[in-house]
Number of protein chains: 2
Amino acid sequence: MNIGQPGAPRRATISDVAREAGTGKTSVSRYLNGETNVLSSDLRARIEAAIQRLDYRPNQMARGLKRGRNRLVGMLVADLTNPYTVEVLRGVEAACHALGLMPLVCNAANELEMERRYLQLMTTYRVEGVIVNALGVEEEALRRLGEGGTPAVLVDRKVDGLEADMVGLDNTAAVQLGMRHLIERGFEDILFVVQPFEQVSSRRLREMAFRHALDDARRSRAQAAPPLEGRTVVLDLADADALARAYADLDAYLDAKRAAGARRVACFAANGPVALSLALHLHARLGANWQARVALMAIDDPEWAELIGITAIRQPTYAIGYRAVEFLHERIEGANAPLSEACLPGELVARASTSAA
Amino acid sequence: MNIGQPGAPRRATISDVAREAGTGKTSVSRYLNGETNVLSSDLRARIEAAIQRLDYRPNQMARGLKRGRNRLVGMLVADLTNPYTVEVLRGVEAACHALGLMPLVCNAANELEMERRYLQLMTTYRVEGVIVNALGVEEEALRRLGEGGTPAVLVDRKVDGLEADMVGLDNTAAVQLGMRHLIERGFEDILFVVQPFEQVSSRRLREMAFRHALDDARRSRAQAAPPLEGRTVVLDLADADALARAYADLDAYLDAKRAAGARRVACFAANGPVALSLALHLHARLGANWQARVALMAIDDPEWAELIGITAIRQPTYAIGYRAVEFLHERIEGANAPLSEACLPGELVARASTSAA
DNA sequence: TTGTAAGCGTTATCAG
DNA sequence: CTGATAACGCTTACAA
């Protein structure tokens, strides 16, 4: 270990500082913990100088061991590749910063095995709490976390059997917002495109809201108005074969519509990754001018949406992350309040894609 | 969670396990550390059972305190919003996984203050090493890290005054690749668009490579061939005013070219964020059909490149991350080899944008 | 106002 | 093979 160069630069410890300052560890500890009013200004100055000289940094690990809290909070995310996740993370980091916490970010990269592993690792590092944007399945590992007494906050999705605070988009309102927009703009064929939604609460909620919004719109539609058509399309981005089949169906549907002389079909993507997949497919199949045939709208507002003029429902991602940490912090501090759920509103960003059917 | 006061579920410690198994802590520790051959199978079984029953997880912090190594490696990134970063991260995580390390990801979000803070925090948590994708400036905090004896590996950019291993793209080769492509396709006006490059080594290298490639091409050009024009355009994405001015100049240049009846101008973006900014600007100024006027090509291959057919030079991001951890691991294990530098090759992905001038 | 000593959960040393 | 016991770097009674 560090055999090589002369003077293996071992980090200074509190004892080193005490010696250097000609005092005991206790006083140094007091200084570190801001109990400066208990220290004579002379001693304080000596300690300060010693710390400077030795470039001393208190060891958080040792501190945590003794105090029982190491200020580490785990942030387990399903997929860092999703811009949504990164944005939420910014809120999380800001809040952690403000509260003196250190986020331990773990990316499951859409793999269950990773999720499990990281959850394990986190408990091993004795994080004081966990913010979880789970893959969806795998309640087990999470439940054990809870049983271990580690507070958790869920982001975007619930996990069956795990009772924890949760923060995310107001899915129902967001979908209603989108549907109202599409209908106002005169769309008569609306496809709600979503990843397999049985396991993931937010997707389930969005899909349900879509069907309800559709029903409501039909009910309140004038007799004379053209009928409103709508259906749910499931896109399993993780399964290439299933995806190919789904797209074949979609293509057939679009072709039929066109043959029937219908207006542009609207595709309402349930989130950013779906929207991207759709856009790529349509681009490949219909050419650069694909938007003449299909109007894409999405929940989430990835950077490329502006680039090709896609209407989006932007999530309050920063706020979601920030709020999650606040929830967690309360629990860590021992709050015993009933579980709460924060549903933050989305915001419609209208762009060219949906300007008219 | 953490419902009710009763039985605050303190995590089991090694002593608990020892008691439960009717043995001493030493044996449990031995079991945990895989010295199973030294244990009678009876004892081993009892320990195993006790661990199961108590759902025991060794405390990494305590372990680290004693052993002097906690398996934590810091990963400081300049900007998680940049897809490049996220991709590198995947390589980092995979390698950490393989080597039994725990990545502590910190996002400076392009703020110097954050970078400094996180660097501090990391040393406070006694990370065994750091992988740094630095903002560029701020050598100071990093240098102190090095002096503290913490090994570091640089990703994508060097830092003045910090001697550390480094891994990144082979910038020169990548730019040459791109230039050759553009020239082959008949472009005669090439703008190399890059963020302020004085402070950031990779940008500097790319810009230099651009000028050299340009000179070389001119030299080896046939007498009769039309002249090759090229210049560097600096885009400071962080400074709105400067950005606006730069774009005004760019627009004027493009208009002049067009008035002179020139072919399409090629914009060679030095990285993904620049490419995005350019695309957004051109889209806003020239309309959806902007690509008829400008051919965009970029180092980095963000998800939207395929969507609008932008030729890209893809970086071996995963390999970069993986390699960085390998370097770091060697240093952590005490390797004393001379500093090395891994320059990994980029790959050209030709798309419609540069199909012909 | 200051210092001593006893842990926090592990591992390492050294006897049985 | 097994198990006390002393650290690791820090905080916190408890004294002085």
Side-chain angles (χ1 to χ4, degrees), chain A residues 1-2 8 10-48 50-51 54-72 123-128 148-149, chain B residues 8 10-48 50-51 54-72 123-128 148-149:
Chain A
M1 39 141 302
N2 263 336
R10 195 183 55 86
R11 283 223 86 97
T13 77
I14 198 174
S15 303
D16 297 331
V17 176
R19 197 177 323 111
E20 178 85 8
T23 176
K25 315 195 289 177
T26 310
S27 296
V28 180
S29 176
R30 291 208 174 98
Y31 175 88
L32 294 174
N33 292 289
E35 303 174 37
T36 72
N37 45 349
V38 201
L39 296 175
S40 71
S41 61
D42 168 52
L43 184 49
R44 188 169 26 192
R46 269 151 53 211
I47 293 178
E48 190 148 6
I51 289 181
L54 300 178
D55 188 27
Y56 168 70
R57 307 279 169 68
N59 182 331
Q60 272 298 111
M61 300 310 188
R63 217 185 257 229
L65 190 55
K66 182 63 193 161
R67 281 215 272 231
R69 37 170 36 199
N70 55 20
R71 313 275 70 191
L72 239 32
T123 82
T124 255
Y125 281 97
R126 297 294 188 272
V127 295
E128 295 185 37
Chain B
R10 197 183 53 87
R11 284 221 84 99
T13 78
I14 199 174
S15 303
D16 297 332
V17 175
R19 196 177 324 112
E20 178 84 7
T23 177
K25 317 195 287 179
T26 310
S27 295
V28 180
S29 176
R30 288 205 176 98
Y31 173 89
L32 293 174
N33 291 288
E35 303 174 36
T36 74
N37 45 347
V38 201
L39 296 175
S40 70
S41 61
D42 169 51
L43 185 48
R44 187 168 29 193
R46 268 153 51 211
I47 295 178
E48 191 148 5
I51 289 181
L54 300 178
D55 188 28
Y56 168 71
R57 308 280 169 68
N59 182 331
Q60 272 298 104
M61 298 311 188
R63 220 184 252 229
L65 187 56
K66 182 64 194 163
R67 283 215 272 229
R69 38 168 39 198
N70 54 20
R71 312 278 68 190
L72 241 30
T123 84
T124 256
Y125 280 97
R126 296 297 188 271
V127 294
E128 296 186 37

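Hydrogens, waters and symmetry mates are skipped; everything else that's a heavy atom, side chains included, is used. So that the names make sense, note that chain A is the first sequence line, chain B the second, and so on, each numbered from 1.
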Under 4.0 Å: is that the gap between some side-chain N or O of [X] and OP1 or OP2 of [N]?
X        : N       : value
Ser29(B) : dA12(C) : no
Thr26(B) : dT5(D)  : no
Thr23(A) : dG3(C)  : yes
Asn59(B) : dC8(C)  : no
Tyr56(A) : dC10(D) : yes

Gap between atoms [atom1] and [atom2], on [X] and [N] respectively (whole Å):
X        : N       : atom1 : atom2 : value
Leu32(A) : dT11(D) : CG    : C1'   : 10 Å
Asp42(A) : dT2(C)  : CG    : P     : 8 Å
Asn70(A) : dC8(C)  : CG    : C1'   : 12 Å
Leu65(B) : dA6(D)  : CG    : P     : 17 Å
Arg69(B) : dG9(C)  : CZ    : C1'   : 19 Å
Glu35(B) : dG3(D)  : CD    : C1'   : 14 Å
Met61(B) : dT11(C) : CE    : P     : 14 Å
Arg19(B) : dT10(C) : CZ    : P     : 12 Å

> Could a donor-acceptor pair under 3.5 angstrom be found where the side chain of Arg30(B) meets the base of dG3(D)?
Replying inline: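 Answer is yes: a donor-acceptor pair is held.
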Among the nucleotides [options], which one has an atom lying closest to any side-chain atom of [X]?
X        : options                  : value
Ser27(A) : dG9(C), dC10(D), dG3(C)  : dG3(C)
Lys66(A) : dT2(C), dG7(C), dG9(D)   : dG7(C)
Ser40(A) : dT10(C), dT1(C), dC10(D) : dT1(C)
Leu43(B) : dG9(C), dT11(C), dT2(D)  : dT2(D)

Show the nearest heavy-atom pair for residues [X] and [Y], with the distance to one decimal.
X        : Y        : answer
Arg44(A) : Leu39(A) : NH2-O, 4.1 Å
Ser15(B) : Lys25(B) : OG-CD, 3.4 Å
Ala21(A) : Ala50(A) : CB-CB, 3.9 Å

>> On DNA chain D, compare the nucleotides closest to Gln60(A) and Lys25(B); which residue's is nearer the 5' end?
In response: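 Its nucleotide being nearer the 5' end, the pick is Lys25(B).
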> Taking the side chain as C-beta and beyond, is there a heavy-atom pair between Asn70(A) and Glu128(A) under 4.5 Å?
Replying inline: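 In contact.
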> Do Thr123(B) and Arg11(A) come within less than 4.5 Å of each other through their side chains, counting heavy atoms only?
Replying inline: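 Of all side-chain heavy-atom pairs linking Arg11(A) with Thr123(B), at least one is under 4.5 Å.
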